[in-house]
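Predicted, not measured: the structure shown is a model, and the values here were computed from it. All values below come from the heavy atoms of this structure, side chains included, with hydrogens, waters and symmetry mates left out.
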Amino acid sequence: MWLWRAAAWSMGGAMVAYVILAGSGFFIFRWIRQPANLPENQRRGAIATLATVHLGFGILMVLLILFLLAIGIVGTLGHFGNLGHSVHLPVGIVTVQLTLMSAWSAIQILQGKPWARQVHLICNGGIAIALLLALISGWSVVQKYLP
């Protein structure tokens, strides 16, 4: 039972991290493109602070998603002896792939590659859908394990 509690907290944490990432990413993009009504040094400081928050929560989200994958594999193998009992597995794998691709594209953005921003945004849109599908399909999976 502790494994499923860890999964629930991790999924909640991943969703909170996603919302914080979306918000901080929006303001970083906005303040870079359209300067806020701040002096230049304060604007650059705000962008740097938000970028640090964005990076930290991005790392946290990747770790939480990988932890969820590990919990899913270990828990399912431990309970059923094999994988593939629901649509939750492919949804989870797609979520992991999108998250890792988003992290990879973020590294490309930091290296100054302009094409990476669009890849990053597309992946993040996919992550929103994938997280919602993982939440829905995961809820039905967890019901199988409860007494």
Next item on the list: Indicate the atoms forming the closest heavy-atom contact of Ser24 with Leu50, along with that distance.
Entry: CB-CD2, 3.9 Å
Check: Would a hydrophobic clustering, with Ile, Leu, Val, Met, Phe, Trp and Tyr connected at side-chain separations under 4.5 Å, put Val16 with Met11?
Finding: yes
Next item on the list: Rounded to the nearest 0.5 Å, what's the gap from CD1 on Ile109 to CH2 on Trp104? Could you check?
Entry: 10.0 Å
Check: Is the number of heavy atoms from other residues, nucleotides or ligands within 6.0 Å of CE (Met15) greater than 12?
Finding: yes
Margin query: Applying a strict under-4.5 Å side-chain criterion to I, L, V, M, F, W and Y, I'd like to know whether Leu64 and Leu135 cluster together.
Written below: yes
Item checked: Test log, rule side chain to side chain contact (heavy atoms under 4.5 Å, CB included), inputs Val119 and Gln108 -> CA-CA 10 Å; Val119 172; Gln108 302 308 306; over 6 Å; no
Checklist line | Ile107 with Met101, same ILVMFWY side-chain cluster at under 4.5 Å | finding: no
Checklist line | Approximate separation, where rounding is to 0.5 Å, of Thr99 OG1 and Leu66 CG | finding: 8.0 Å
Next item on the list: Among Leu131, Ile127, Leu100, Leu60, find the residue that satisfies the side chain to side chain contact (heavy atoms under 4.5 Å, CB included) test when tested with Ile65.
Entry: Leu131
Note to self: Around atom CZ of Phe57, are there more than 12 heavy atoms from other residues, nucleotides or ligands closer than 6.0 Å?
What the structure shows: no
Check: Linking I/L/V/M/F/W/Y whenever their side-chain heavy atoms sit closer than 4.5 Å, directly or via other members, would Phe27 and Val19 fall into one cluster?
Finding: no
Item checked: Hydrophobic cluster membership, Phe29 vs Phe26, 4.5 Å side-chain cutoff -> no
Margin query: What's the separation between atom CD1 in Ile59 and atom CE in Met61, rounded to the nearest 0.5 Å?
Written below: 13.5 Å
Checklist line | Spacing of Leu110 atom CG and Leu55 atom CG [to the nearest 0.5 Å] | finding: 7.0 Å
Check: Would you call the rings of His54 and His120 parallel, tilted or perpendicular if under 30° counts as parallel and over 60° as perpendicular?
Finding: perpendicular
Check: Can you tell me how far the OG1 atom of Thr52 sits from the CD1 atom of Ile47, to the nearest 0.5 Å?
Finding: 12.0 Å
Margin query: Please find the pair of heavy atoms, one from Val91 and one from Ala130, that lie closest to each other, and give the distance.
Written below: CG1-O, 3.8 Å
Next item on the list: Assess whether atom CD of Gln111 is packed by more than 12 heavy atoms of other residues, nucleotides or ligands within 6.0 Å.
Entry: yes
Checklist line | Side-chain donor or acceptor of Ser102 paired with backbone N/O of Leu98 under 3.5 Å | finding: no
Checklist line | Nearest heavy-atom neighbours spanning His88 and Ala134 | finding: CE1-O, 3.1 Å
Notebook entry, point to check: How long is the gap from OG on Ser105 to CD on Gln118, to the nearest 0.5 Å?
Noted result: 11.0 Å
